[in-house]
Participant: 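Got a structure for you, written out below as structure tokens; questions coming shortly.
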Number of protein chains: 2
Amino acid sequence: MTEEGALEAPTSPRSETQIMWTISQFARRFGISRSTLLYYDSIGVLAPSARTSAGYRVYDDHDVARMERIDLYRRAGLPLAGIRSILDSEGDSALRDALELRLREIDAEFRGLAMQQRVTLDLLGKSAEAAEERRLDKQGWVAILRASGMDEGDMHRWHVEFERLAPEAHQGFLVSLGINPAEVARIRASSREAGDQPHAGPEPV
Amino acid sequence: MTEEGALEAPTSPRSETQIMWTISQFARRFGISRSTLLYYDSIGVLAPSARTSAGYRVYDDHDVARMERIDLYRRAGLPLAGIRSILDSEGDSALRDALELRLREIDAEFRGLAMQQRVTLDLLGKSAEAAEERRLDKQGWVAILRASGMDEGDMHRWHVEFERLAPEAHQGFLVSLGINPAEVARIRASSREAGDQPHAGPEPV
DNA sequence: CTTGACTCGTCTACCGCTTCACGGTTGAAG
DNA sequence: CTTCAACCGTGAAGCGGTAGACGAGTCAAG
């Protein structure tokens, strides 16, 4: 840089808003590589506010704020192209739309990973044992709940509250236990009834 | 192809082992694109056994068998380079090693996805509510267990029994609630201690 | 012999970077 | 003033796995 001396080390600010960084300092600050910043500049995600007379990139606190949002959205898994349009758009509707979409993508990726895990475990011949390691079945849950002092009435109340407070999660939970759809529907229906007008029902987990 | 007539439609086999496919038929059979097969050929994962005099690729049932293994390993998420060396190696130790490694990778990817999900939900402001449709967070579970009549002591006993009867599932369950690894470790340690020598511990879910 | 459906090999693009190559700038030391 | 190291710039290529476009060759049927 030249004698206008705009560039300062971030550790020694002279005037309150005139703190600026070179590309490498900026990269270290965010734990990313210089190349990544060059790439972000090239695709228009983050173009530094200024250049020195020699053409060096100069990042200021405005760029810091933008980079913090980029980092956050990246940790949500949003694509850089999407991040750019979100940052360049006005309201937060673009952001919300992108996040809702991302949520559905994550769900799909979870399912894809689970499939890969099953195939892998099958190939290893571990299907029976290892699958048990990380998933409880109905009997397992009953055993745990019983061992911690719950009786059948407690378990029924648990279903009722589960259905009342989080019906979607209740469904997902029962399915995850490998219970067949018909019985899932039966348990949920019975839990809903009991939630409306309390009467005894035979539903251990 | 020429008058030796090696190529037949897969639906009309004349001699028992002389069934052969063009690249596009082969691609359709496995639900992949021609480009993919060209790529597999170029990197040596699947080179068709023969060519016609005009240079057309000819896939036979030997190639079908190889492709079926490729497809299987791909569904486990193994990289193509790894698949090639597995197919070209002798025993099944290379396969087992690759699968064990893949299992650990899948685990890491699950955790990464879970982090992305949490960031996304936080950004959507949904963190306080019942997380996603089919996943409960810690507060949700506490609420349900409390509503069904469990107090903190019951919940602690529940953790202890969970840890004792199904430690792997306990780990998986806590992670699925989005609890950070350090706290997961703390809860499990506390549950193990209490399982050995019963003393009171402050661990609601 | 023409038509139309196939095939060929090669090239480009996607994602989010990383690495390399080559050269200019800067600041400090000798 | 020279030299050196450390920085900076641009541009291109590469990763994996797939999709698609291109012009040209090939095949079977009419």
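Computed from a predicted structure; not experimentally measured. Protein chains get the first letters and strands the later ones, always in sequence-line order, with residue 1 at the start of each.
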Participant: Which is true for A:I43 with a 4.0 Å heavy-atom rule: it touches a base, it touches only sugar-phosphate, or it touches nothing?
Facilitator: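 If one applies the 4.0 Å heavy-atom cut-off, A:I43 turns out to touch nothing in the nucleic acid.
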Participant: Roughly, in whole Å, what's the span from CD in B:E109 to C1' in D:dG16?
Facilitator: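 Nearest whole value for this atom pair: 14 Å.
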Participant: Rounded to whole angstroms, how far apart are CG on B:L80 and P on D:dC15?
Facilitator: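 Spelled out: CG on B:L80 to P on D:dC15 is 13 Å.
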Participant: Using the side-chain contact (heavy atoms from CB on, under 4.5 Å) rule, take B:F26 and B:V64 through it: C-alpha gap first, then chi angles, then the decisive distance, then the call.
Facilitator: CA-CA 8 Å; B:F26 198 78; B:V64 168; 3.6 Å; yes
Participant: Is the phosphate of D:dT18 approached by B:S33 (side-chain N or O, under 4.0 Å from OP1 or OP2)?
Facilitator: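 So the side chain of B:S33 is outside the cut-off, no N or O lying under 4.0 Å from OP1 or OP2 of D:dT18.
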Participant: Select one nucleotide: of D:dT18, C:dT7, C:dC17, the one nearest the side-chain heavy atoms of A:R74.
Facilitator: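 Output: C:dC17.
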Participant: Tell me, with the steps shown, if B:L46 and B:Y59 meet side-chain contact (heavy atoms from CB on, under 4.5 Å).
Facilitator: CA-CA 10 Å; B:L46 179 63; B:Y59 294 85; 4.2 Å; yes
Participant: Measure CD1/B:I70 against C1'/D:dG17 and give the value in whole Å, please.
Facilitator: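 For the pair B:I70 CD1 and D:dG17 C1', the rounded distance is 13 Å.
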Participant: Mind calculating the distance between OH (B:Y59) and C1' (C:dC8) to the nearest angstrom?
Facilitator: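 Distance, rounded to whole Å: 12 Å.
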Participant: Do B:Q117 and A:R102 pair up side chain to side chain, a donor and an acceptor below 3.5 Å, judged on atom types alone?
Facilitator: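 Short answer, no.
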Participant: Any idea which of D:dA19, D:dT10, C:dC8 is nearest the B:R51 side chain?
Facilitator: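 Closest nucleotide to the B:R51 side chain: C:dC8.
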Participant: Drop me the distance from A:I83's CD1 to A:R66's CZ, to the nearest 0.5 angstrom.
Facilitator: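 A:I83 CD1 to A:R66 CZ: 10.0 Å, rounded to 0.5 Å.
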Participant: Please check this pair: side chain of A:T36 against backbone of A:I32, looking for a donor-acceptor N/O pair closer than 3.5 Å.
Facilitator: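 It does not hold such a pair.
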Participant: Send over the distance from B:L37 CG to D:dG17 C1', rounded to a whole Å.
Facilitator: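 So the CG-C1' distance, B:L37 to D:dG17, works out to 13 Å.
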Participant: Which comes earlier along DNA chain D counting from the 5' end, the contact point of B:L78 or that of A:D41, where each point is its nearest nucleotide?
Facilitator: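 It is A:D41 whose nearest nucleotide is closer to the 5' end.
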Participant: Go through C:dC17, D:dA19, C:dT25 for me and flag the one nearest to the B:T36 side chain.
Facilitator: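 The nucleotide sitting nearest to the side chain is D:dA19.
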Participant: At less than 4.0 Å, is any side-chain N or O atom of A:Y40 found next to OP1 or OP2 of C:dC17? Yes or no.
Facilitator: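 Result: yes.
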Participant: In whole angstrom, give the distance that lies between atom CZ of A:F26 and atom P of D:dC8.
Facilitator: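 Answer to the nearest Å: 13 Å.
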Participant: Apply side-chain contact (heavy atoms from CB on, under 4.5 Å) to B:D71 and B:Y73, showing your working.
Facilitator: CA-CA 6 Å; B:D71 187 43; B:Y73 300 155; over 6 Å; no
Participant: Taking atom types as they are modelled, would you say the side chain of B:Y56 forms a donor-acceptor pair with the base of D:dG25 within the 3.5 Å cutoff?
Facilitator: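 Side chain to base: pair present.
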Participant: Please give, in whole Å, the distance from D:dC15 C1' to B:Y39 OH?
Facilitator: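 Interatomic distance, OH of B:Y39 to C1' of D:dC15: 9 Å.
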Participant: Any protein N or O atoms within reach of nucleotides 21-23 of chain D? Criterion: under 3.5 Å, listing atom names and distances.
Facilitator:
none

Participant: Set out, in order, the CA-CA distance, both residues' side-chain angles and the distance that settles side-chain contact (heavy atoms from CB on, under 4.5 Å) for B:I23 and B:L38, then state yes or no.
Facilitator: CA-CA 9 Å; B:I23 189 170; B:L38 290 177; 3.6 Å; yes
Participant: In whole angstrom, what separates B:R28's CZ from C:dT7's C1'?
Facilitator: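 It is 12 Å, rounded to the nearest whole Å.
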Participant: Would you say A:T22 reaches D:dC8's phosphate, i.e. side-chain N/O to OP1/OP2 under 4.0 Å?
Facilitator: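 Yes, within the criterion.
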